[in-house]
Amino acid sequence: MIEKLLKKDIIEVLEDLYGIKDYDLQFQKTRKEFDGDITLVVFPFTNFSKKSPEETGNEIGEILNLSDFIYSFNVVKGFLNLVINDDIWLAQLSDALKDNSFGFINANKEAPTYLVEYCSPNTNKPLHLGHIRNNLLGFSVAEILKASGKNVQKVQIINDRGIHICKSMIAWQEFGNNETPETNNIKGDHLVGKYYVKFDQQYKLEVTDLVKNGIKHEEAEKTSPIFIKAQEMLLKWEAKDPDVIALWKKMNSWVYQGFTQTHKRLGVNFDKNYYESETYLLGKEVVKKGLDMKVFYTKPDGSVWIDLSDQGLDEKIVLRSDGTAVYMTQDIGTAIKRHEDFNFSHMTYTVGNEQDYHFKVLFLILEKLGYSWSKNCFHLSYGMVDLPSGKMKSREGTVVDADDIMEQMFQNAKNIAADLGKLDQLSENEAQELYETVGMGALKYFMLKVDPKKRMLFDPKESIDFNGNTGPFIQYAYARINSILRKNNSIIGIDMGVNISDKERELIKLILEFPKLIQESANSYSPALVANYIFELVKEFNSYYQSTSILNAESESLISFRVALSKKIAEIIKSGMLLLCIKVPQRM
RNA sequence: GGUCUCGUAGCUCAGUUGGAUAGAGCAUCUGCCUUCUAAGCAGAGGGUCACAGGUUCGAAUCCUGUCGAGAUCACCA
């Protein structure tokens with residue numbers, strides 16, 4: 001905000017002094033070790049001024065210093081450090097205080113619609129830590145986009161059909177003894193996952209047996225009885241066999257109950273679900289159209305392909321020789337359907353970076369088919385969550401289960417609270433709620449503070465931290481401010497004559513960055529920017545809190561100013577953390 | 001092998017279109033609760049930004065190459 005005001009003045013000065021027009025100014029925050037608030041980089045002007053960087057900086061500074069904004073200036077090497085007048089900061093803070101949704105832009109009807117897809121699970125096993133990253137990223141990006149003034153729809157596509165679910169179904173039929181979530185008190189998605197594992201075990205046994213009997217390994221993998229049964233079941237499903245469909249519906253409903261529970265605890269939600277069983281046939285029509293347009297071509301065996309070698313990519317199949325759809329076909333169809341459903345301007349797919357290639361191809365195909373909105377489709381490609389031993393592998397039992405880790409975080413929060421003797425003032429219900437808030441806060445912040453693009457490491461042996469750059473650290477600061485506000489919440493308004501300290505000035509500057517930060521994290525689809533910003537704000541506040549008494553300040557106007565400053569910071573912490581799907585406690 | 005991504009302190013990570021002496025947290029060590037909540041604060045040590053060139057006033061950031069890690073290149077999803 002301040003930059004905008006300054007910009008006008010500086011551009012004038014540059015034109016008067018050196019005849020420079022419309023130069024793209026480079027501002028940066030003045031580093032802590034120097035005196036000043038905003039720094040203008042003057043190196044680029046030396047070409048025009050024909051003087052040293054120092055002289056150039058001084059020349060510009062002298063004239064700017066006449067302005068009301070500037071209190072003083074200094075030049076170090078090629079950097080012109082500007083000290084802004086305190087009443088400017090106070091006025092800006094005062095404006096921010098009046099704004100109840102500071103930093104947030106409400107989307108009106110004309111605002112563009114952004115679709116955000118995330119989660120998109122298979123229905124044959126429960127969610128794991130990787131899904132937690134996916135869900136949190138997708139949800140958070142959606143919230144950040146909303147905050148930046150977009151209309152947002154959260155969607156997922158549920159991969160509810162195919163050979164994988166048939167494997168669970170067959171294994172349940174063969175070994176399940178009619179076990180249900182109710183009879184054995186097991187969460188539905190875990191129950192179905194159990195039979196998916198059971199299938200795999202049985203399959204391996206059978207393959208081993210066949211190999212012992214002299215059959216080649218490759219052959220054995222294709223002829224094992226249980227594998228054949230699964231394939232037959234898939235065919236029956238596609239033929240809409242009533243018994244198979246009934247079983248399929250029953251087992252999927254178990255899974256959905258489980259997913260709903262997990263999503264609820266995680267705190268994420270969706271505006272619309274797409275089911276692959278309903279969309280897997282979409283796209284075939286489009287392939288025909290694409291053939292007419294000569295975007296695709298047919299091979300002798302009848303399969304349909306696209307040649308992307310001129311874009312540096314390969315040939316890619318879009319329809320099997322038997323005429324059935326592949327993943328790509330469905331995704332083409334689903335994308336088009338979504339555009340019909342929502343007329344979105346942008347669509348984001350939150351999917352791991354192992355599918356980078358797939359989405360590159362998908363967007364290219366949509367473009368070649370003439371869907372101009374394809375250029376606004378974005379693959380939010382995030383890195384895998386790895387264990388110290390490498391990738392999580394369900395077959396090796398190294399998968400970190402989503403429900404387990406959430407429960408573990410709750411227990412950790414409870415234990416730590418007990419160690420710290422925090423239990424006294426709270427009722428049992430309040431205490432339970434607090435453990436949940438803090439435990440989940442630690443987990444979610446841990447996942448979101450890392451740049452989405454980067455792969456991240458999770459070590460199950462070392463539990464997630466509660467100190468330092470963590471969710472609970474931030475929540476604690478919020479609770480402390482709340483404690484102050486419970487004692488004094490009377491803000492008379494900012495006295496413009498109040499003297500502010502360096503720390504207070506730094507805090508005001510940080511507060512004023514919040515609106516821009518939301519826009520930046522929306523533009524870069526990065527909740528990590530929000531996380532790191534809140535951390536910086538809280539760190540600065542904690543230092544201030546420790547060194548400065550808020551309620552015992554020397555004068556009424558100073559108390560009022562400090563309470564107002566703290567309150568605004570608490571508001572930003574709360575609204576910022578909500579963008580990360582993290583709640584903040586009143587006490588902790 | 002082709003394509004893509006990544007490599008910053010012992011560990012986990014920041015570092016906005018190239019800018020000043022590369023920053024946090026954890027871990028280690030030293031202090032601070034009679035004062036608004038110590039899940040906190042203040043401080044110390046810890047670096048060849050993988051390596052080598054190049055571009056320029058200036059490079060962790062851009063380009064090229066080398067090494068290392070990962071992903072992907074299926075009539076799987």
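In what follows, every chain begins at residue 1, and chains take the letters A, B, ... in the order their sequences are listed.
The base of B:U5 does not come close enough to the side chain of A:K454 for any donor and acceptor atom to sit less than 3.5 Å apart. Judged by atom type and distance alone, A:T39 reaches the base of B:A20 through a side-chain donor-acceptor pair under 3.5 Å. Between the base of B:A20 and the side chain of A:N81 there is a donor-acceptor pair shorter than 3.5 Å.
Here A:K422 reaches the OP1 or OP2 of B:A39: one of its side-chain N or O atoms lies under 4.0 Å away. In this model, the phosphate group of B:G40 is approached by a side-chain N or O of A:N467 to a distance below 4.0 Å at OP1 or OP2. Dashed line: the shortest gap from a side-chain N or O of A:R320 to OP1 or OP2 of B:A77 is under 4.0 Å. The phosphate of B:A38 has OP1 or OP2 within less than 4.0 Å of a side-chain N or O from A:R480. Side-chain N/O atoms of A:Y476 include one lying less than 4.0 angstrom from OP1 or OP2 on B:A39. Between A:K360 and the phosphate of B:C73, there is no side-chain N or O to OP1/OP2 separation shorter than 4.0 Å. The side chain of A:R562 contributes no N or O atom lying less than 4.0 Å from OP1 or OP2 of B:C36. At B:C41, one or more side-chain N or O atoms of A:N542 fall inside 4.0 Å of OP1 or OP2 (strictly under the cut-off).
Judged purely by distance below 3.5 Å, without hydrogens or angles, the side chains of A:T39 and A:K29 never pair a donor atom with an acceptor atom. Checked by atom type, the side-chain pair A:E221/A:S224 shows no donor-acceptor distance below 3.5 Å. For the 3.5 Å distance criterion, the side chains of A:Y445 and A:N469 qualify, holding a donor opposite an acceptor.
Of all nucleotides listed (B:A24, B:A20, B:C73), B:C73 comes nearest to the side chain of A:D314. Checking B:U37, B:A77, B:A20 against every side-chain atom of A:Y545, the shortest atom distance belongs to B:U37. With B:G25, B:C41, B:A77 as the candidates, the nucleotide lying closest to the side chain of A:V326 is B:A77. For A:L551, whose side chain is taken as the heavy atoms from C-beta onward, the closest listed nucleotide among B:U72, B:C36, B:A77 is B:C36.
Taking the P atoms as reference points, B:G70 lies 42 Å from B:A39, given to the whole Å. A distance of about 47 Å separates the P atoms of B:G68 and B:G31, rounded to the whole Å.
Contact of the A:Y382 side chain with the A:M456 side chain is not registered, since no non-hydrogen atoms from C-beta on lie closer than 4.5 Å. At a threshold of 4.5 Å between non-hydrogen side-chain atoms, the residues A:D465 and A:F446 do not count as touching. Looking only at side-chain heavy atoms (C-beta outward), A:Y476 and A:N542 stay at 4.5 Å or farther from each other. Counting only heavy atoms from C-beta outward, the side chains of A:F473 and A:N467 never approach each other to under 4.5 Å.
At a threshold of 4.0 angstrom between heavy atoms, the contacts of A:S483 include nucleobase atoms, whether or not backbone atoms are also involved. Across all strands shown, A:E536 has no heavy atoms under 4.0 Å from either base or sugar-phosphate atoms. Within 4.0 Å of A:V450, counting heavy atoms only, lie sugar-phosphate atoms of the nucleic acid but no base atom. Backbone-only contact: A:M456 has heavy atoms under 4.0 Å from sugar-phosphate atoms and none from a base. Counting non-hydrogen atoms under 4.0 angstrom, A:T548 reaches a base of the nucleic acid. Among the heavy atoms of the strands lying under 4.0 Å from A:E520 is at least one base atom, whether or not backbone atoms are also near. Residue contacts shown for A:D459 are absent, as no nucleic acid heavy atom lies under 4.0 Å away. Note on A:L457: only backbone sugar-phosphate atoms sit closer than 4.0 angstrom, heavy atoms only; bases stay farther off. Among the heavy atoms of the strands lying under 4.0 Å from A:R455 are primed sugar atoms or P, OP1, OP2 only; no base atom is included.
B:G19 has its base stacked against the ring of A:F43, the centroids being under 5.5 angstrom apart at an interplanar angle below 30°. Stacking is not found between A:F79 and the pyrimidine-like six-membered ring of the B:G19 base under the 5.5 Å centre-distance and 30° plane-angle cut-offs. A stacked arrangement is assigned to A:F34 and the six-membered base ring of B:A20, with a centre-to-centre distance below 5.5 Å and an interplanar angle below 30°.
Toward the 5′ end of RNA chain B lies the nearest nucleotide of A:P452, the other residue of the pair A:P452 and A:A417 mapping further downstream. Position along RNA chain B of the nearest nucleotide to A:P472 versus A:E276 favours A:P472 as the more 5'-ward residue.
In this structure, A:Y357 places its OH atom 15 Å from P of B:U5, rounding to the nearest Å. Per the geometry, OH belonging to A:Y445 stands 15 Å off P belonging to B:A24, to the nearest Å. Protein atom CZ of A:F473 is 13 Å distant from nucleotide atom C1' of B:C26, rounded to whole Å. Atom P of nucleotide B:C36 and atom OH of A:Y544 are separated by 16 Å, given to the nearest angstrom.
In B:C33 the O4'-C1'-N dihedral to the base is within 90° of 0, which defines a syn nucleotide.
A salt bridge links A:E354 to A:K391: at least one charged side-chain nitrogen sits closer than 4.0 Å to a carboxylate oxygen.
Across all strands shown, B:U28 pairs with B:A44; the Watson-Crick or G-U wobble distances both stay below 3.5 Å.
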